[in-house]
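Notes follow once the structure below has been shown.
Keep in mind that what you see is a predicted model, and the values were worked out from it rather than measured.
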Amino acid sequence: MSATLLKVTGLKVAYGGIQAVKGVDFEVREGELVTLIGSNGAGKTTTMKAITGTLPLSGGDIEYLGQSIRGKGAWDLVRQGLAMVPEGRGVFTRMTITENLQMGAYIRTDKPEIAADIDKIFGIFPRLKERKDQLAGTMSGGEQQMLAMGRALMSRPKVLLLDEPSMGLSPIMVDKIFEVVREVYAQGVTVLLVEQNASRALQIADRGYVMESGLITMSGEAKQMLSDPKVRAAYLGE
Ligand SMILES: Nc1ncnc2c1ncn2[C@@H]1O[C@H](COP(=O)(O)OP(=O)(O)O)[C@@H](O)[C@H]1O
Ligand SMILES: [Mg+2]
């Protein structure tokens, strides 16, 4: 079995006195595509923010590459190969596509390789190449999502955390985004995919976890979860 890259144990996160994440365990092994699914308000984004150091933990621990990353900031984590595309994308709207991609390489100093990687990203996302000198803010939601993923990939991550990449996109764009997630994974990047679109996420994932009201309530092989009547009833609208 491959090595565990990310291990979350007993994670608790609170906003003021209100516990949003109440003791969560999950792990992501090298080379896996794992999905964390659950409806709006379940605590998925809170969990992601705790991993990337945006929110403090009120309990438990998070290990990356076998070491606790509690209290580490996003910068440190990106240097260690853990990159996140936040919910809502967060592209720099007043910078061009190319400038956004260059920003994604801010931890790197290997200039010629950065240029080569931008070309690689343009290979995965031809749409970004067509618009490379355009301001990011003028692009559609789906295009901005692609840019956000491209920017995160510019740090050459081992693990990519994606928080609801399909949110608010047209069905055609949703297809495209899931295709690209799959492609990034096929290129060797381990992926933790947070999604409300449970059916689509389970279709491309190796394993899945269901989150409800701040707790993990189900987990398993993605294929088995897809055919599980309980999962289907609760999350796949059947
Ligand atoms: N900044 C905040 N302050 C207070 N409560 C919050 C904040 N952000 C999220 N919450 C609450 O925490 C819970 C989990 O939210 P969130 O992690 O965003 O869920 P999800 O990403 O699964 O939709 C919800 O009840 C939400 O209302
Ligand atoms: Mg969320």
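Between Leu226 and Val231, every side-chain heavy-atom pair lies at or beyond the 4.5 Å cut-off. Using a 4.5 Å heavy-atom threshold, the side chains of Leu147 and Leu101 count as touching. Contact check for Thr4 versus Val28: no side-chain heavy atoms found under the 4.5 Å cut-off. Side-chain contact between Met48 and Met84: present, with at least one pair of heavy atoms (C-beta onward) separated by less than 4.5 Å. With contacts defined as side-chain heavy-atom distances shorter than 4.5 Å, the pair Thr52/Leu82 qualifies. Two residues are said to be in side-chain contact when any heavy atoms from C-beta on lie closer than 4.5 Å; Val180 and Phe178 fail this criterion. Side-chain contact between Lys176 and Met146: present, with at least one pair of heavy atoms (C-beta onward) separated by less than 4.5 Å. Two residues are said to be in side-chain contact when any heavy atoms from C-beta on lie closer than 4.5 Å; Ser170 and Val174 fail this criterion.
Side-chain contact, Ser140 with Gln144: no donor N or O sits under 3.5 Å from an acceptor N or O. There is no side-chain donor-acceptor pair under 3.5 Å between Thr9 and Asp25. Side-chain polar atoms of Thr190 and Glu32 form no donor-acceptor pair below 3.5 angstrom.
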Which is it for Arg232 and Met225 under the side chain to side chain contact (heavy atoms under 4.5 Å, CB included) test, yes or no, and what are the steps along the way? CA-CA 8 Å; Arg232 298 196 74 89; Met225 291 176 79; over 6 Å; no
Verdict with reasoning, Thr35 to Arg207, per side chain to side chain contact (heavy atoms under 4.5 Å, CB included): CA-CA 6 Å; Thr35 187; Arg207 290 190 303 114; over 6 Å; no
Check against side chain to side chain donor-acceptor pair (under 3.5 Å), Gln203 and Ser199: CA-CA 6 Å; Gln203 277 165 23; Ser199 158; 3.3 Å; yes
Start with the C-alpha gap between Val34 and Leu193, add the side-chain angles, then the distance that decides, and say whether side chain to side chain contact (heavy atoms under 4.5 Å, CB included) holds. CA-CA 6 Å; Val34 172; Leu193 171 65; over 6 Å; no
Could you walk me through whether Ile97 and Phe122 pass the side chain to side chain contact (heavy atoms under 4.5 Å, CB included) check? CA-CA 10 Å; Ile97 279 71; Phe122 285 157; 4.1 Å; yes
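No donor-acceptor distance shorter than 3.5 angstrom exists from the side chain of Arg131 to the backbone of Glu143, with no hydrogens or angles considered. In this structure, Lys12 contributes its side chain and Gln19 its backbone to no donor-acceptor pair below 3.5 Å. Distance alone, capped at 3.5 Å, is enough to place a donor-acceptor pair between the Tyr209 side chain and the Glu27 backbone. With Arg108 contributing its side chain and Met154 its backbone, the two residues share a donor-acceptor pair below 3.5 Å.
Taking both residues in full, the closest heavy atoms of Met149 and Leu162 are given as CG-CD2, 3.8 Å, listed atom of the first, atom of the second, then distance. Taking each heavy atom of Ala136 and Val91 in turn, the nearest pair found is CB-CG2, 4.0 Å.
Put simply, OG1 on Thr96 and CD on Glu99 are 3.5 Å apart, with the number rounded to the nearest 0.5 Å. Atom-to-atom distance recorded for Leu6:CG and Leu161:CG is 6.5 Å, nearest 0.5 angstrom. Taking CG of Leu128 as the start and CD1 of Ile121 as the end, the distance is 8.5 Å to the nearest 0.5 Å. Note: Tyr64 OH to Leu77 CG = 8.0 Å, rounded to the nearest 0.5 Å. Atom CG of Asp61 and atom OG of Ser68 lie 3.5 Å apart (nearest 0.5 Å). Taking CD1 from Ile177 and CD1 from Ile172, the interatomic distance works out to 13.0 Å, rounded to the nearest 0.5 Å.
Note on Arg29 versus Asp206: no salt bridge recorded, every NZ/NE/NH1/NH2 to OD/OE distance being 4.0 Å or above. Using a cutoff of 4.0 Å between basic side-chain nitrogens and carboxylate oxygens, Asp163 and Lys44 are not scored as salt-bridged. With salt bridges taken as basic N to acidic carboxylate O contacts below 4.0 Å, one links Glu113 and Arg156. Using a 4.0 Å cut-off between a side-chain N of Lys or Arg and a carboxylate O of Asp or Glu, Arg200 and Glu195 do not qualify as a salt bridge.
With Phe92 as the aromatic partner, Arg151 meets the cation-pi criteria of under 6.0 angstrom to the ring centre and within 45 degrees of the ring axis.
For Tyr106, there are no side-chain hydrogen bond (donor to acceptor under 3.5 Å, both in side chains) partners at least two apart in sequence or on another chain.
Listed by first then second residue, pairs satisfying side chain to side chain donor-acceptor pair (under 3.5 Å) with a partner in residues 221-231 number zero, not counting sequence neighbours.
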